[in-house]
Every structure is written in structure tokens, then in C-alpha cells.
Protein chains: 2
Amino acid sequence: MEKQTITIYDVAREANVSMATVSRVVNGNPNVKPITRKKVLEVIDRLDYRPNAVARGLASKKTTTVGVIIPDVSNIYFSSLARGIDDVATMYKYNIILTNSDGDSEKEVNVLNNLLAKQVDGVIFMGHHITDQLRAEFSRSRTPIVLAGSVDPDNQVGSVNIDYKGATREAVELLANNGHEKIAFVSGPLLDPINGKERLSGYKEALKDKGLKYSEGLIFESTFEYKQGVDLAERVLNSGATAALVVSDELAVGIANALQDNGLKIPDDFEIVTSNNSLLTEIVRPRLTSITQPLYDIGAVAMRLLTKLMNKEEIEEKVVILPHGINKRGSTK
Amino acid sequence: MEKQTITIYDVAREANVSMATVSRVVNGNPNVKPITRKKVLEVIDRLDYRPNAVARGLASKKTTTVGVIIPDVSNIYFSSLARGIDDVATMYKYNIILTNSDGDSEKEVNVLNNLLAKQVDGVIFMGHHITDQLRAEFSRSRTPIVLAGSVDPDNQVGSVNIDYKGATREAVELLANNGHEKIAFVSGPLLDPINGKERLSGYKEALKDKGLKYSEGLIFESTFEYKQGVDLAERVLNSGATAALVVSDELAVGIANALQDNGLKIPDDFEIVTSNNSLLTEIVRPRLTSITQPLYDIGAVAMRLLTKLMNKEEIEEKVVILPHGINKRGSTK
DNA sequence: CTGTTAGCGCCTTCAG
DNA sequence: CTGAAGGCGCTAACAG
């Protein structure tokens, strides 16, 4: 195939200048006489020249693309982050290579290496449990990495999150204040430190503050899907719980629907607080009270932080905590 | 910065072979004596050599990355397609550069050019209205392009869709068979040919088949968001309609909720059929009857088609229509 | 302000 | 089966 590409050399010849000069105008280098610049731009336009980013990347060692590792784009939680990431990336002239990992640690390592092979200038990682192997890869690479909506117990790399522990504590306290003594903690995999460490300890703290006793029987480990919630509802009810803090909206809706389909009234018979404040909480009846977390912003700030890292700017704080809140709706009294 | 990268040259030296040989083993070229191969692989492993994909891209003119233009990843409809695209891309060793366009035609053109500058091997485009300028860019480029979930009236490029017209006709016929004479058509922008041509003519055909008369007053043009649906509900009701075909699940849920919050019973007082069969249709009460379309598969097949195009394989048919269906739930009798 | 000259790291004939 | 050599298209000193 003879893909008739026109190169910087062609432009230089047509404009009677050297390729260096063409390179300068293309890159906005001020050291070019206006007249020359104009002439070159004209030729560029006439020839419809488009700089080859790959060649540029090889020569400059910068690709202006960042890798984004995400468990699943089709999950609204992550896709919200992704949108924030891309918007800020675009703002700073970066593109993102997006790869799904399914939270599978083996894939995560593969994908990361693949991204590094492609010479991305930085990486944003979203995941659950960060394995030691992955952490090893992180530190081995000289490429800046930022976690978004994922905590690294060691804080080796930058990260952007909310205070999951505090938010969960507040939510559980809300429930406790409404008179509940048996409050279920319906979690995703506890292996994920956000669940197993942050949120769980927030839950425990709340119980302690309110003089309630902790019971293993009120802890439910699950995945994040709607169907899981539906299936879990009965067990949660049988545990004696009269309220629940749920870590995922889909899960929460599943529980709420199953409970209601069984004739229970929410919030009269059972109260629920969920954690993501997605559109789902607004759509279902009753609407779900939820912790609010700025998903889009988490992504956006993570990307912003990454740009600073890539630019070798001084970072005041590489672990960023964004504000959260609680949006009270119909699933609590 | 002295990023101590180790190159193919280092490997060659350590292994006492030429870089050509290293290149061969890295690329799986069979013309290498097993012993040599083994030796090289050993050195690669020892030095932890990772081929530079950018250099490779420059030399081979293949980047093994494809560009994906998407209106909004945080929209479940598109993110489902994106997931299908990425899975198949991964399967074929491609990465995807994902960029949001907001369906803005100016951005789309920019983004496309940016992608082409990065020498992507192919492009998957998702959008609504394909402007002439964009179509011009498409045909000007020698890079294969496939549309996913988007129709190009001219069929200049490959595309993967369902039969929107037929699906809509069936849905409206379902409503007509239930005795409705005034059926609203609640659409996204009619500028999008999927709405303004395909679905609308399916709607009209159904009316005609059922001996119902078409009325402008029953056509509603909107965007896809939940809130729009809520706001639209009253107008739809005032139009005299007793049923509606809605093109977006969010929109449909908005209408259903607003109607019910106003005391109407669904499906007794009003029936609704929506179009995307997303989780939303399953979550709300009553559940929503919906056209089913294989979103993930549309993305997956589009990417598969693109791989063939990039590989210059013979294509039997570059316009692929995937099967659809109707999933009856509680919003219809 | 502009041109020259080296590469960036790898692939790909072409010989041998 | 293996090596040598010439780019791929562009950036980046370094002169002038």
C-alpha cells in the first residue's frame, strides 16, 4: 500500500526552508520570523500536512497519551470517573488509552506493561485490590501513576478519593440515630481495602460511638450487581437487621426492590443508605438516601494531578481527598 | 531525565547476535534457529527488555491501536458498546484510544484528525448526525472506519446496527394491538437519522398498517436524559396519547415516574415501550417493556469488522444488521 | 532567526 | 538462518 503521506520534509521543500523551521512552526516555537511562519503555514495548509505523532513521540520521548486502567467501563461508577479523566486529559492535550481489566490482577499487570510498552506518559489506575506484584510494577516504572477511586494502603503513588471511612461512619450514624440497633453492612469484596478497611472501620466506629455492638452476622460480602442485591435481600432480613448501609447503588436497589416485592415498606420497615448517589438513587421509588461522592471530579482531579506529575511540577500533596456528603431521600426517615 | 531504557541493541549485544535477529524473535518470525531464539529470549528476560511500541509503530507503520469516538462514555448505552469494542480489540491485540465528542460535530472532526495524527490503524465512530464535513474526512482518510450504533445514510463506511425501523414498527404495533389509537413517539433529536429516518418511519409504517392516523402532535423531540422525560410527561399526556414508544430508557423512566407521581397507573392508564433494554428497565416499577438490542455485540462486531478491514481481508458485507427483539414487561398489558 | 546533523528504537529488504 | 544497512518522520542541540 502506498499511503501517500506527506512529511515535514515535503513541506520544507515546498516552502524553501529547512525541516527544522517547519518543526518550529508546527510546535509553536516563537523563534520564527512571522513572514516565514506564514509561508510555512500556507504550505502546510495547501499540502494538508498532518504531523505524524508517532514519529514525534519517538523523537521527543513524549506521546501525549496516558493509559487508563479501569475494571469495567460499562459500569456507571467507573465510566463517570473515566469521563472526568478524559475531559481533563483533553484540556491538557492528552489522549487516553482505555483498557478494561475486570479487576483481574493478572490482566492488570499485563495491561500495565502493554501501556508502558506504548510509552504512555502516565497512567491512571482504577481497581480494587492492588496486589504486591502490581505495586512492584508501579514502583519499577518511571512513569507517573495516579490512582482514582482506589486506595493504596502504602500511598506509594498519587491517588484521589473521598474519605470512605468518614462517609460510611456518618451514614451509619444516621441510621443509628433513627433508632436502629441492627444495621447491616452490605459490602463488595472485603479484599478491596476501600471496603475491608476504610468503610468497615467507619461502620465499626459508628457502632461504637452509638453504643451498638458489632456482629459478624450483619456483615455481608457480595459483588456490585443488581442481581446480587436481589438475592441477598432475604438473608439480610433474616439477620435481624432493620437497616443497611450498602456500598453500591445497584446492590442497594436490588435489595430495596426485593424487599418491597416481598411486601415490606421502605423506609417504614427497613431503611437503606447507599453509597454512590448515581442516577439510580433518583429513579427508583422510594428514592435512595446516599452518600454523595464527586465521581466525575475524582477522575478529573486524578488526571489533573497526573499532568502535574508528568510535567515534573512540585506537588503539594499526592494523596487528595475530595469532599463527600449525604443526600437524604425516601429510603430513610 | 535519564530514563535508562534498554533497547533492542542492548539485547543484541548481550546475546551476541544482530538486532535483526532480536527483532525476529520478538516478532515471532520463524526463521530463527531454536537455540538462538532461546538465547535471545533469555537475555530479553534477564535485561527485562520491553519493545518500544512507538519505535515499532514508526518503522512498521502499524500502531496496533484504534481510535474510538464516542459521544459520552458515562452514558450506559455507549459504554456498553465501548465494552464490546475493547474486549474484541484486546482479543486481537489492539488498544483503543477513547475520546468523548459529546456528539458535537466540530469536536468530532478535531478528534478524528487527532486520532489520525496518532496513526491509529482504524477508527470506530459512534455518533448521531454525521455531518458532510465529517463524511468528507472519512473518505479522505485511508484509515478504515466503522460506525457502531450509528447509521450513515450513504453507507460509505462499514457499520453495525440493528434494524431500528423494523424494531420500532413492531413496538408500535404492539401498542396498537393493545387498543391504543393515539401513540406518542418520544424521540431524541430528529436530526439523528436513527430517530428522524429509521425509527420515525417505522412508527409511521406501524400506524399505517394498523389504520391509525399520523399526527404531528404526537411527535416529541427531546434529548436522552431522565430529567427531560420527567419534564415531558405532562405534555405527552396533554397530547391525548395513551401510550408511548420512547427511544431512550432514561427518558422512558422519567416519563413513567412523572406519570405515576401524578397518580396515573402504568400500564392501566398509560403504556410505555422503551428501546434500550438496559438495567433501568428491570429496576423500575413497573418494569419497562423494551425493544432489545445487543449493545455489547454491536460494539464487538463493529470492532471485529474493523479488524478485517485493517487486515485488508475480503468483507462479505460491510453493513451489518444484528437481530433485535422485544422484551415484554410490566409497562404494557 | 534558520539550517545541519544526529539520532529516537525498531523493522525490513537484501546479501550472504 | 543471520547480519548489515537504510530508512520511518520528527525533534533537538549546535552552529551560524
Side-chain angles (χ1 to χ4, degrees), chain A residues 1-41 43-44 47-65 93 116-121 142, chain B residues 1-41 43-44 47-65 114 116-121 142:
Chain A
M1 103 177 180
E2 17 46 72
K3 185 170 169 180
Q4 180 88 352
T5 36
I6 78 122
T7 78
I8 198 173
Y9 185 73
D10 300 316
V11 177
R13 183 165 30 70
E14 287 287 316
N16 290 314
V17 295
S18 71
M19 40 188 293
T21 299
V22 178
S23 176
R24 286 190 187 94
V25 346
V26 167
N27 291 298
N29 184 318
N31 293 352
V32 180
K33 207 190 323 184
I35 286 204
T36 314
R37 177 186 306 281
K38 184 158 175 293
K39 183 174 57 177
V40 172
L41 284 174
V43 175
I44 285 179
L47 265 47
D48 195 32
Y49 164 70
R50 213 190 274 124
N52 180 324
V54 173
R56 185 185 296 202
L58 183 59
S60 70
K61 294 182 168 304
K62 288 200 185 66
T63 53
T64 64
T65 107
K93 310 287 184 196
L116 295 177
K118 293 221 168 164
Q119 313 299 116
V120 294
D121 297 335
R142 302 225 113 288
Chain B
M1 105 176 180
E2 18 47 70
K3 186 170 169 181
Q4 181 84 353
T5 36
I6 79 121
T7 77
I8 199 174
Y9 185 72
D10 300 317
V11 176
R13 184 167 27 71
E14 287 287 315
N16 290 314
V17 296
S18 71
M19 39 188 294
T21 299
V22 178
S23 175
R24 287 190 187 95
V25 349
V26 166
N27 291 299
N29 184 319
N31 293 351
V32 180
K33 208 191 316 183
I35 285 205
T36 314
R37 178 187 304 282
K38 185 157 174 292
K39 184 174 57 176
V40 172
L41 284 174
V43 175
I44 285 179
L47 265 45
D48 194 32
Y49 165 70
R50 212 191 275 123
N52 179 324
V54 173
R56 185 184 296 200
L58 182 59
S60 69
K61 293 182 167 303
K62 287 201 186 67
T63 53
T64 64
T65 106
N114 183 231
L116 294 177
K118 292 220 168 165
Q119 312 300 116
V120 294
D121 297 335
R142 301 226 113 287

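Per chain, numbering begins at 1; letters A, B, ... match sequence-line order.
Residue B:K62 has no polar side-chain atom (N or O) positioned under 4.0 Å from OP1 or OP2 of D:dC8. Contact check, A:R56 against D:dT11: a side-chain N or O comes under 4.0 Å of OP1 or OP2. A:N27 has a side-chain polar atom (N or O) that falls below the 4.0 Å cut-off from OP1 or OP2 of D:dT11.
The minimum heavy-atom distance between B:L58 and A:L58, with the atom names listed, is CD2-CD2, 3.3 Å. Considering all non-hydrogen atoms of both residues, A:Y49 and A:T7 come closest at CE1-C, 3.6 Å.
Rounded to whole angstrom, the span from the CG atom of A:N29 across to the P atom of C:dC1 amounts to 10 Å. Between the NZ atom of B:K38 and the P atom of D:dC1 there is a distance of 17 Å, rounded to whole Å. The distance from atom CG of B:N52 to atom C1' of C:dG7 is 14 Å, rounded to the nearest whole Å. Atom OH in A:Y9 sits about 12 Å away from atom P in C:dT5, given to the nearest Å. If you take CG of B:L58 and P of D:dT11, they are 12 Å apart, rounded to a whole angstrom. If you measure from atom CD1 of B:I44 to atom C1' of C:dC10, you get 13 Å, rounded to the nearest angstrom. When rounded to the nearest whole Å, the span between CZ of B:R13 and P of D:dT2 equals 20 Å. Between the NZ atom of B:K39 and the P atom of D:dT2 there is a distance of 8 Å, rounded to whole Å.
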side-chain contact (heavy atoms from CB on, under 4.5 Å) evaluation trace for A:M19 with A:I8: CA-CA 6 Å; A:M19 40 188 293; A:I8 198 173; 4.0 Å; yes

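Toward the 5′ end of DNA chain D lies the nearest nucleotide of B:T21, the other residue of the pair B:S60 and B:T21 mapping further downstream. Ranked by how close their nearest DNA chain D nucleotide is to the 5' end, B:M19 and A:M19 are led by B:M19.
For B:K61, counting side-chain heavy atoms from C-beta on, the closest listed nucleotide (D:dT11, D:dC10, D:dG9) is D:dG9. Taking only side-chain atoms of B:S18, from C-beta outward, the nucleotide of D:dA4, C:dG9, D:dC8 with the closest atom is D:dA4. Comparing D:dG7, C:dT2, D:dA4 by their closest approach to the side chain of B:A59 singles out D:dG7. For B:I8, the listed nucleotide lying nearest its side chain is C:dC10; candidates were D:dG9, C:dC10, D:dT2. Side chain of A:T36, nearest nucleotide from C:dC1, C:dC11, D:dC10: C:dC1. Checked against C:dT2, C:dC8, C:dT12, the side chain of B:A20 finds its nearest nucleotide in C:dT12.
A:V22 comes within contact range of no nucleotide atom at all, as no heavy-atom separation falls under 4.0 Å. Within the nucleic acid shown, B:V54 has no heavy atom closer than 4.0 Å to any nucleic acid atom. Among the protein residues, A:N31 comes within range of the nucleic acid bases, having at least one heavy atom under 4.0 Å from a base atom. If you check every strand for non-hydrogen atoms under 4.0 Å, B:S23 touches a base.
Put simply, the residue from B:N16, B:V25, B:V17 that forms a side-chain contact (heavy atoms from CB on, under 4.5 Å) with B:T36 is B:V17.
Of the inter-residue distances, the one linking B:Q119 atom CD with B:S60 atom OG reads 11.0 Å to the nearest 0.5 angstrom. To the nearest 0.5 Å, atoms NZ (B:K39) and CD (B:E14) are separated by 12.0 Å.
Between the side chain of A:R50 and the base of D:dG9, no donor-acceptor pair of N or O atoms lies under 3.5 Å.
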